[in-house]
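The block underneath contains the structure these notes are about, expressed in C-alpha cells.
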Amino acid sequence: MIAFVTGPVAAVSPTTAVIEVGGVGMLVQCTPQTIAGLRQGEPARLATSLVVREDSLTLYGFADDDERQVFELLQTASGVGPRLAQAMLGVHTPDALRLAVSTGDEKALTAVPGIGKKGAQKLLLELKDKLGAPLGSSGLVGAQRAAAQGPAPWTEQLSAALVGLGYAAREAEEAVAAVTPQAEAAIASGGSAPVPQLLRAALQTLNRAR
C-alpha cells in the first residue's frame with residue numbers, strides 16, 4: 001500500500017500528475033480540485049490509494065487523507081469502482097458527500113456523471129452508515145481556495161475539469177458559458193470565481209441538456 005507520495009511535480013494534466021519520487025516519476029490520477037493545487041516544478045504531497053487489477057496498477061492521489069478515506073469508503077458500495085468514486089469527489093468535497101448522504105439528497109448524487117436516480121437512491125442506502133456526519137465547512141473552503149489559486153483562469157480550470165470528467169470540449173464550452181453570469185456575479189462582489197460550485201452548476205446544466 002502506497003499511503004502518500006512526496007516530491008516535485010514533474011508534469012500536470014487535467015486528470016493526472018507525475019510526482020518525482022527518488023528519481024522515479026509516479027503517475028497519479030487526481031480530481032480537478034487536487035490538480036488545481038499543484039504547480040509544475042514545485043514540491044507536493046498527495047495522499048494516495050493504490051488500486052490493483054489483474055492487468056494494471058493505478059495510483060489515485062488526493063489533497064489530504066480525508067479525501068482518500070472517502071474515496072475508499074465510496075468503493076464499498078456495490079457498483080462503485082475507483083473511477084466513479086473519483087468522479088464523485090471531482091464534483092463534491094468529502095463533506096458535501098457526507099451531507100448529501102446524511103440528508104438523502106438524490107440531486108447531489110445525480111449531478112455526478114454516471115449516476116442516475118435509481119443509482120443515487122441505492123447509494124444513499126448503502127452509504128448511509130459508512131461516511132459519517134460532515135466534519136465542518138473547512139473542506140469546502142479549502143477546495144474553493146485551491147481552485148481559486150489554480151494555475152489557470154477559472155474558465156480554463158472549469159473546462160479542463162469537465163473534459164476530465166468525460167464531456168466533449170464543445171459540451172464543456174457550452175456549460176462554461178451557462179455559468180459565466182454566476183462567476184461574474186461572484187467576482188463583481190469582490191470575491192473570486194468559486195470553481196467547485198461552478199463545476200456543480202455546470203454539471204447540472206449538462207445533465208438537463210441530455
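For this chain, numbers begin at 1 and follow the sequence in order.
By the side-chain hydrogen bond (donor to acceptor under 3.5 Å, both in side chains) test, Lys130 pairs with Thr76, sequence neighbours left out. With sequence neighbours excluded, no residue satisfies salt bridge (Lys or Arg N to Asp or Glu O under 4.0 Å) with Asp64. Evaluation of the ring-ring contact (aromatic ring centres under 6.0 Å, His included) rule for Phe71 yields Tyr60, Phe62 as partners, not counting sequence neighbours. Residues forming a side-chain hydrogen bond (donor to acceptor under 3.5 Å, both in side chains) with Glu126 (at least two apart in sequence, or on another chain): Ser78. Applying the side-chain contact (heavy atoms from CB on, under 4.5 Å) rule to Val24 yields the partners Met26; only residues at least two apart in sequence or on another chain are considered.
The stretch residues 86-120 participates, sequence neighbours left out, in no ring-ring contact (aromatic ring centres under 6.0 Å, His included) pair at all. Under the ring-ring contact (aromatic ring centres under 6.0 Å, His included) criterion, no residue pair touches residues 104-135, with sequence neighbours excluded. Applying the side-chain hydrogen bond (donor to acceptor under 3.5 Å, both in side chains) test to pairs two or more places apart or on separate chains, none has a residue in residues 21-30. Each salt bridge (charged side-chain N to carboxylate O under 4.0 Å, His left out) pair with one or both residues in residues 1-18, not counting sequence neighbours, would appear here, but there are none. The salt bridge (charged side-chain N to carboxylate O under 4.0 Å, His left out) analysis of residues 97-125, with sequence neighbours excluded, yields the pairs Asp66-Arg98, Asp95-Arg98. Pairs of residues two or more places apart, or lying in two chains, never qualify as ring-ring contact (aromatic ring centres under 6.0 Å, His included) while including a residue from residues 7-39. Pairs of residues two or more places apart, or lying in two chains, that qualify as side-chain hydrogen bond (donor to acceptor under 3.5 Å, both in side chains) and include a residue from residues 42-55 are Ser49-Glu72.
Distance CD/Gln121 to OG1/Thr110: 10.0 Å, rounded to 0.5 Å. Separation of atoms CD (Gln204) and CG (Leu199) is listed at 10.0 Å; rounding is to 0.5 Å. One distance of note links CG of Leu109 with CE of Met88; it measures 5.0 Å at 0.5 Å rounding. Residue Leu38 holds its CG atom at 10.5 Å from OG of Ser13, rounded to the nearest 0.5 Å. For the atom pair Thr16 OG1 and Ile35 CD1, the distance stands at 6.0 Å (nearest 0.5 Å). Taken from CG in Leu206 to CG in Leu203, the straight-line distance is 6.0 Å, to the nearest 0.5 Å.
Glu67 places none of its side-chain heavy atoms less than 4.5 Å from the side chain of Val70. In this structure, Leu46 and Leu59 have side chains that are not in contact, with every pair of non-hydrogen atoms separated by 4.5 Å or more. Leu97 is listed as a side-chain neighbour of Leu89, based on a closest heavy-atom distance under 4.5 Å.
Hydrophobic clustering (ILVMFWY, side-chain heavy atoms < 4.5 Å, transitive): Val112 and Leu125 are in distinct clusters. Note: the hydrophobic cluster containing Val21 does not contain Val18 (ILVMFWY, side chain heavy atoms under 4.5 Å, direct or indirect links). Note on Leu124: it clusters hydrophobically with Leu73, by side-chain heavy-atom contacts below 4.5 Å among ILVMFWY residues. Neither Val91 nor Leu99 shares a network with the other; the hydrophobic side chains, linked directly or stepwise wherever heavy atoms of I, L, V, M, F, W or Y lie under 4.5 Å apart, form separate groups for each. In terms of hydrophobic clustering, with Ile, Leu, Val, Met, Phe, Trp and Tyr side chains grouped at heavy-atom distances under 4.5 Å, Val52 and Leu27 are assigned to different clusters.
Using a distance-only test at 3.5 Å, with no hydrogens or angles considered, no donor-acceptor pair links the side chain of Gln182 to the main chain of Val179.
Pairing each heavy atom of Ala85 with each of Gln75, the nearest pair is CB-CG, 3.9 Å. Across every non-hydrogen atom of Ile115 and Ala120, the tightest pair is CG2-N, 3.7 Å.
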